[in-house]
Amino acid sequence: MTEPSENKVLWFNFLKAFTRALVQINLYKPDHPQVKQALEEGQALLGQISDTLNGEDFSLTMDNDKLLVNGVQLLTADKLPNSLKNLFARFRIQTISFSRGVTGEDLLALCQVQAFKGEAKEFLKERGIDRVKLNEAIYTKVGGAQPEGGGGTGTGQGAGAGSGGAGSGAEGPGAEGAGPGGGQAGGTAAADERMAEKIAEQGLETALSTVVARVTSDPAEQQRVIELLSAKIKQEIEASVNKALEGIRLEKKKVENDMVRTESVMTSMAEGVVVVDKDGKILMMNPQAEAISGKPLAELSGKRIVDLSQIENQVVSLAKEIRPENKADISPEIQKSGPAELADTVKKATAIIQNEEGKIVGSVSVPTDAVKLKQVEQLQQDFIATMTHELRSPLTSIKAALEILNREAAKEDSSHGILNTAIRNTERLNSIITDILDFSKLQSGKLVFHQENAAAEEIAAEAVESMKAWANSKGVILSVRSAQGVPHVYADKRRTVQVLINLISNSIKFTPQGGTIEVSTDAGQDSLDGFTFFSVKDSGCGIKKEDQAKVFEKFVQVASGEKVGGTGLGLAITKAMVVMQSGRITIESEPGRGATFRVAMPVYKGQGEQPVFEQAAEVKQEEKPWWRKLLGL
Ligand code: ADP
């Protein structure tokens with residue numbers, strides 16, 4: 001039979017191993033060496049304890065804030081490790097009993113109970129653990145040693161291994177200690193127990209002195225042993241703290257590396273990048289984004305991107321369109337939809353950041369699309385402008401050469417007709433090139449207007465004059481009519497003549513032989529005071545109501561029966577030229593009954609009196625909000 005004091009060492013050691021496992025299972029996975037080691041130790045110690053108990057159960061009982069081991073008080077609750085105390089308290093466990101043959105897996109399951117939300121008993125049952133039982137109160141009261149003079153009042157019921165039997169005068173009335181392995185009470189056991197309690201209550205240093213005092217009475221020797229032990233303990237603690245921290249350090253390093261990597265990727269990106277959380281608050285910004293916003297991250301961090309724009313509702317619609325099923329995760333205030341263009345750009349350029357549970361926690365936008373698109377568009381415009389410009393010069397020489405040849409060729413010569421066709425084709429080619437060139441200039445804002453005081457009837461007459469020959473050749477009667485006293489216009493004369501030429505050339509194209517085209521000017525109705533009107537009225541095929549708005553769009557050619565050439569750009573350019581001079585253009589037409597295009601141009605008010613139009617004629621270059629610049633819009 002083992003001595004009780006020996007038993008207690010085993011119990012203490014088991015408690016140590018078990019609480020270590022309880023703590024470590026919260027930090028590591030079950031197969032982590034630290035966890036495995038603690039469980040193996042626990043299992044081995046339980047085996048040894050079981051041997052001392054001849055196969056009886058070994059139990060830990062929580063009774064009035066005291067831990068009883070096999071019914072003997074071992075520690076008061078304030079000395080108990082929190083993990084153990086919590087295990088008892090959380091599941092209101094009174095007793096944990098271990099039967100013979102408890103395995104490391106059984107102990108692991110008991111440790112894992114901590115994280116379980118339901119009933120602890122159920123948890124063990126589900127895992128088929130029957131060697132560890134909970135709540136089976138074997139000892140409910142202190143049956144053995146009490147501090148000096150403190151009589152236990154319990155009945156020491158149950159047949160457990162009440163090894164801590166009666167000490168001299170210390171046992172309670174009901175302390176029977178009748179179980180196997182019990183009844184070994186003696187002075188030594190009682191003294192050991194008192195010592196254990198004393199140690200448990202003392203601080204480490206005093207406890208050491210107490211123990212060492214039992215080994216030697218020589219103060220110098222005591223001092224030396226204490227120093228040695230202290231150093232050893234310190235070393236052991238440091239080693240285990242270091243071991244425990246190792247994993248944390250590695251994790252920290254990994255997180256730091258990730259962060260540095262993310263930051264350097266963001267910094268080296270050519271585009272501005274802003275990362276916001278799910279409420280649209282700014283978390284990170286790279287230097288490019290800072291430069292665009294004109295403010296440092298420190299100033300903008302935590303502010304909502306929506307508030308910064310201060311532009312009505314037109315702001316970054318984060319995820320509404322990207323992940324509608326997770327709508328609830330996104331602040332409704334940042335779901336406000338902006339202009340379609342912006343919303344689309346953001347949608348294409350935004351990645352949603354989700355946490356491990358799939359909840360949206362923010363987003364990152366790299367609006368490369370918009371930026372790249374703008375660059376490509378610019379390239380296209382530049383290319384078209386250069387190419388059309390370059391095409392023009394050889395075409396002019398070809399036309400001139402053809403005209404010389406034509407003059408020299410005898411009238412009856414067959415080449416005369418061929419040359420005429422060639423000249424007409426070079427003219428068509430030239431007008432197509434002019435259209436494209438004008439259009440690309442308009443797009444890039446390079447078409448400049450010099451508005452001045454101009455007589456409307458002169459503009460109309462000049463346009464008609466230059467189109468007369470073509471109208472004649474097609475057998476169409478082109479005339480000009482001007483009302484008396486039509487106010488002068490405030491217009492770029494050359495461009496306005498071009499506007500009328502475009503309209504007249506369309507009329508010639510769409511009016512059959514024998515038809516008429518009348519160009520006129522008038523002062524218009526009262527409601528449109530401040531404008532002078534140009535009309536180009538033909539008797540051609542006309543335009544259907546549903547097509548009338550469309551014809552002003554670029555590259556639109558509505559079906560008009562006869563196939564005539566053209567780019568579909570003419571009216572788009574014409575409208576742009578009118579609008580940029582603060583004018584308006586409208587169509588009145590019925591299919592089969594001709595079409596009338598009316599152009600309203602601002603009346604000239606006198607030197608320095610055109611503030612309204614001057615202002616409107618300027619293509620306003622408003623200061624863009626920084627987030628628009630960021631998105632390349
Ligand atoms: P295009 O250079 O191809 O003529 P426009 O932009 O000038 O292109 O005209 C667009 C379309 O509008 C034409 O293809 C034609 O269908 C219609 N349209 C323009 N002017 C007239 C008109 N006076 N009568 C009938 N249809 C017209």
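Remember, it's 1-based here, ligands and their atoms both numbered in the order they're listed.
Of all atoms in ligand 1, numbered sequentially from 1 with element shown, those under 4.0 Å from a heavy atom of Cys541 are 25 (C). Interface atoms of ligand 1 facing Val551, defined by a heavy-atom separation under 4.0 Å, are 6 (O), 12 (O), 17 (C). Distances below 4.0 Å separate heavy atoms of Lys509 from the following atoms of ligand 1: 1 (P), 2 (O), 4 (O). Atoms of ligand 1 found under 4.0 Å from any heavy atom of Asp538 (numbered from 1 in listed order, with element): 23 (N).
Taking only nitrogen or oxygen atoms, main chain and side chain alike, Asp435 does not reach within less than 3.5 Å of ligand 1.
The residues Lys493 and Glu458 are annotated as salt-bridged, a charged nitrogen and a carboxylate oxygen being separated by less than 4.0 angstrom. A salt bridge is defined here as a Lys NZ or Arg NE, NH1 or NH2 lying under 4.0 Å from an Asp or Glu carboxylate O, and Lys252 with Glu256 meets this definition.
Contact check for Leu447 versus Arg495: side-chain heavy atoms found under the 4.5 Å cut-off. A heavy-atom distance below 4.5 Å is not found between the side chains of Lys474 and Gln513. Side-chain atoms of Arg598 and Phe534, non-hydrogen and from C-beta on, never get closer than 4.5 Å to each other.
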Test log, rule side chain to side chain donor-acceptor pair (under 3.5 Å), inputs Asn453 and His488: CA-CA 6 Å; Asn453 179 14; His488 278 203; 2.9 Å; yes

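In this structure, of Leu571, Thr511, Ile432, Leu503, the residue bringing a heavy atom nearest to atom 5 (P) of ligand 1 is Leu571.
At least one heavy atom of Gly542 sits less than 4.0 Å from an atom of ligand 1.
Only side-chain heavy atoms of Ile543 come within less than 4.0 Å of ligand 1; its backbone N, CA, C and O stay farther off.
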